[in-house]
Number of protein chains: 2
Amino acid sequence: MAGQTPAGNPRPTIRDIARVAGVSKASVSYALNDQPGVSPGTRDRILAAAEQLGWRPSAAARSLSNARAGAVGLAIARDVRLLGEEPYYMRLIAGMESVLAAQGVSLLLTVVPDVGAAVEVMRGWWAERRVDGVVLTDLRVDDPRLDLVADLGIPCTFGGGPPDPRGYAPAAGGRDPERGPLTEVVEHLLAQGHRRLARVGGPAHFQHTRRRNAAWREVTREALGRAQPVLSADYSGREGLAATRRLLARAEPPTALVFDNDVMAATVVAERRALGVRIPEDLAVVAGEDSILCRLADPAVSALRRDVTAAGVASAVVLLDVLAGREPAPQAAPGYEFIARASSTAARR
Amino acid sequence: MAGQTPAGNPRPTIRDIARVAGVSKASVSYALNDQPGVSPGTRDRILAAAEQLGWRPSAAARSLSNARAGAVGLAIARDVRLLGEEPYYMRLIAGMESVLAAQGVSLLLTVVPDVGAAVEVMRGWWAERRVDGVVLTDLRVDDPRLDLVADLGIPCTFGGGPPDPRGYAPAAGGRDPERGPLTEVVEHLLAQGHRRLARVGGPAHFQHTRRRNAAWREVTREALGRAQPVLSADYSGREGLAATRRLLARAEPPTALVFDNDVMAATVVAERRALGVRIPEDLAVVAGEDSILCRLADPAVSALRRDVTAAGVASAVVLLDVLAGREPAPQAAPGYEFIARASSTAARR
DNA sequence: CTGAAAGCGCTTACAG
DNA sequence: CTGAAAGCGCTTACAG
């Protein structure tokens, strides 16, 4: 079957519908698109004919007269090996698709090694009008993709961080939505008796890392009188370990570490003996992202669970609003939940 | 910027190129598509004009006259929560994209809960001619998607398993390519002194699970004189644990377990105390799929590493061949590597 | 409310 | 080798 040509009887067109219903192509188009200009009786006849013929619009034809593609694009710029470890994108895509599919909008996906390549892919999509808009993720400081969409006027939304460039809905209280989760983590650690904390964030060129680093400094300053340190790592276990070593080598080493993702936290827990620490007795560990890695670690890793699927839904909703020329509906900041597990819960025995 | 309309000066068309180059639209089309019918000089002038104007073909227009979409579709049928734990799809997509992108073919992606929904999505894609072909993964016994592509004559290829329905290239020796990896695992376990083995496969409705189960029975029969048992589980940690408990409760329990994926194997290792076994002393564990879960487990889990990205490449190559009406180039069975780690290596101390 | 007509941006026989 | 023309399947002013 894989070697077969797409034969079969040719697909029906509005011309066929017009013939069957005994009207003009124009009337068919109006009826099919719920436009005024057809009497109810005629409309019913046309719809029945379309149904009977099993008609479906040709995406290409519609696209050509519409000047819209009926598709949006997502160009993921990330090392494939890291991608395999991150459930993030699949969840984001699943959330987006639940909205897009319902509107008959397709999702174009590509995986590229870096932002420069992402820019080229999106430029091509736009030039060929394969997409009506794009979703941008992992925004960087001075991101060339922002220049691209601005220069070309490509409608866009953001996945991760506020989907709307104007920020989250006022319900978020105007405060940085990263503060809530981090406050909960810090309060948990204080309750466990920790007074010296540290954070291992992602690469500083990511906007979300910057936002979280800033929120971390604020939250810890308010809670402990002085901002607690932040180190950067690239989300890999290797760099997470290296950062941990540097922190532990300090004169007054932290007793609790908050990592930006699950891989770094779980790697540190796995390498606790090599690091010469007991967890949680000597060192408490918290992950900024939850996954099966956290659940299976020994001890299991406390984690912030973010509702990535909901973030995907919000991104798609905003993008569809923009494409339809509507004012984007305000989006609430994504939900999160702090899951306290053994890696930060002193079971004083 | 997200609220902006796609304004700007209108994109150039072949009409503009024709005007600049002083030729007809037809000549422009021939030159642009590398067709005969234009003199070298004219061709150069046309190409220069296209370049200068920054022309890119309109996907819709081309699609409409071509009767081809310039896109292929992948409808993943999998529970979103399991998806987040499986690096498989991202790797497959990355491999496919590396081939497709080079040919200017887009990838349409959707995530749906079950095969029935996948059929409906693909039916829609095909009816609207949004795709020229599809990639099918996780084929089942009596898979409704196979009926769909057969009935409608949709060109397709398979991701995971042979991309070509005729099977792998003869280089694979005509033998089931699942035998190689499993033989290596079984030999490793025998060398470690194990004589009672068992396998925990995926759901029996998956074709790949059936193939592997059959290969497992053959390989173990040849090595041990009698086929070793196989249980089914749904790839989740919960069912992996349940299957393990059942196996350990047998009169002559196995001393080595081979799981079909990383999640089940890593979960069993994480729950070794609850199961009342030492690993690898009482029970050796091997995973049929490698991931960071295996590396971070304690003890680390021995695993079969399959080159999923290469499988993605092969799928895309075959599909492009089929679409071009070429006989699909024979594809080698994907590479694999057995990584022996502590979970199955008796460090007799 | 309805129909004939032009147009979206390409491709491709068909004459010169 | 080159050009005028029809056609792909829709949408949308514009007359009736």
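Letters A, B, ... are given to chains in the order of the sequence lines, protein chains preceding strands, and every chain is numbered from 1. Here the structure is a predicted model, which means the values were calculated and not measured.
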**Prompt:** Heavy atoms under 4.0 Å, any strand shown: does B/Arg68 hit a base, just sugar-phosphate, or nothing?
**Reply:** nothing
**Fill in**
Its dot-bracket string being built from Watson-Crick and G-U pairs below 3.5 Å, with | for another strand and [ ] for crossing, DNA chain D has the pattern |||.||||||||.|||
**Request:** Could you note down all residue pairs passing salt bridge (Lys or Arg N to Asp or Glu O under 4.0 Å) where residues 322-333 of chain B supplies at least one of them, sequence neighbours left out?
**Result:** B/Arg166-B/Glu327, B/Asp321-B/Arg326
**Request:** Keeping to residues at least two apart or across chains, list the salt bridge (Lys or Arg N to Asp or Glu O under 4.0 Å) pairs with something in residues 96-114 of chain B.
**Result:** none
**Prompt:** Under the side-chain contact (heavy atoms from CB on, under 4.5 Å) criterion, do A/Ser98 and A/Val313 qualify, and how do the steps go?
**Reply:** CA-CA 7 Å; A/Ser98 67; A/Val313 167; 3.7 Å; yes
**Complete:** Heavy-atom nearest pair, B/Leu139 first then B/Arg145, reads CA-NH2, 3.7 Å
**Residues in contact with DNA chain C, drawn from residues 38-48 of chain A - heavy-atom cutoff 4.0 Å** = A/Val38, A/Ser39, A/Thr42
**Request:** For DNA chain D, find the residues of residues 15-30 of chain A with a heavy-atom distance under 4.0 Å and give them by number; none if there aren't any.
**Result:** A/Lys25, A/Ala26, A/Ser29, A/Tyr30
**Prompt:** Which value, rounded to the nearest 0.5 Å, describes the distance between B/Glu128 atom CD and A/Arg11 atom CZ?
**Reply:** 8.0 Å
**Prompt:** Does the side chain of B/Tyr89 pick up a donor-acceptor pair with the side chain of B/Asp138 at under 3.5 Å?
**Reply:** yes
**For chain B, the stretch of DNA chain D it reaches, first to last nucleotide, under 4.0 Å of its heavy atoms** = D/dC1 to D/dG9
**Request:** Please step through side chain to side chain donor-acceptor pair (under 3.5 Å) for the pair B/Arg68 and B/Ser63, ending with a clear verdict.
**Result:** CA-CA 5 Å; B/Arg68 77 189 46 166; B/Ser63 186; over 6 Å; no
